[in-house]
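Written below as structure tokens is the structure these notes are about.
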Amino acid sequence: MRPIIIAANWKMNTLPSDAGELARQIAAATPDPGVIRVICPPSVSLAPVAAALAGTGVAVGAQNVHAEKSGAYTGEVSAAMVAAWATWAIVGHSERRRDQKESDELIGRKLLRCREAGLRPILCVGELLEEREAGRAVDTVRAQLQGALAVTIREGLGVPADLVVAYEPVWAIGTGRTARGADAAEMAGAIRDTVAALSDAATAAALPILYGGSVTSAAIDEFMAEPSIDGGLVGGASLKVDEMAGIVARAGLTAAARLEADAAGDEGATADPASGASR
Ligand code: PGA
């Protein structure tokens, strides 16, 4: 069974002086142990957020890592540096693809750096509005995955075993306009097919896929209702304690329901050997 994950992407918001307190409040308001919770503050706030979250069960993530291990890259932050506080990292966010012109090859190298530093990567993929309107959404996302994972495969890592993919249609980010659950589910299917072709069916089946783009406590249900979606990457709403409380609580209901369905399925298989079904 795949885990349910809610990751908060604070982007370039909060100050080191208030980030720890916000993280503490979110942790206190999201007590659900059935949901993996990750908070990704700006890199200068990793230390206070890590201190605030110690012992809460909420993990710390970085919003980015550099594609090189170390060296003459003024102003940049390496995976090993953020790993002093973080255990997760977002890579390939669409705002960085747009503003820093990050290529799939560069993003693939960031996945390598995450592995070396022991950071669990959340690889963001997603199409532009014009790509969706032209019927090229799936092709775009497939190419993004293939481009980044070609690097990890070439370097002998394969598809990283701990990889998480966040499907974030660019037109849904920060716009208040979400994708439809069915479209996100269709894309999740395409993502797993692509990963299966690059590795194997078991790796694809175990891959957690999150939806991102204007997720709120009111919008999350549409995505959690899709069995192929395993949580959310939350931007704007993740800065609001009440919103995070609602989102994690809603995701927790799905986590509990999936656990129950899984257990019932197992019992069913044992209780009814005559059915010939094997799980
Ligand atoms: P949003 O951002 O929730 O504000 O749309 C999501 C993201 O960019 O990860």
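Owing to the predicted nature of the structure, the values given are computational and were not obtained by experimental measurement. Whatever order the structure lists them in is the order used to number ligands and atoms, beginning at 1.
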Using a strict cut-off of less than 4.0 Å between a Lys/Arg side-chain nitrogen and an Asp/Glu carboxylate oxygen, indicate whether E95 and K11 qualify as a salt bridge. yes
Answer yes or no: is there a side-chain heavy-atom contact under 4.5 Å between L163 and L149? yes
Tabulated below should be the N or O atoms of ligand 1 paired with protein N or O atoms at under 3.5 Å; can you produce that?
from, atom 1, to, atom 2, distance (Å)
ligand 1, 2 (O), K11, NZ, 3.2
ligand 1, 3 (O), S214, N, 3.4
ligand 1, 3 (O), G235, N, 2.9
ligand 1, 4 (O), G236, N, 2.8
ligand 1, 5 (O), G174, N, 2.6
ligand 1, 5 (O), S214, N, 2.7
ligand 1, 8 (O), K11, NZ, 2.7
ligand 1, 8 (O), H93, NE2, 2.6
ligand 1, 9 (O), H93, NE2, 3.3
ligand 1, 9 (O), E168, OE1, 3.3
ligand 1, 9 (O), E168, OE2, 2.6

Across all chains, not counting sequence neighbours, the salt bridge (Lys or Arg N to Asp or Glu O under 4.0 Å) partners of E21 are R24
Taking side chain as C-beta onward, heavy atoms only, is M81 less than 4.5 Å from H66? no
Using 4.0 Å as the upper bound for N to carboxylate O, is an ion pair formed by R258 and D230? yes
Between E130 and W171: side-chain donor-acceptor atoms closer than 3.5 Å: no
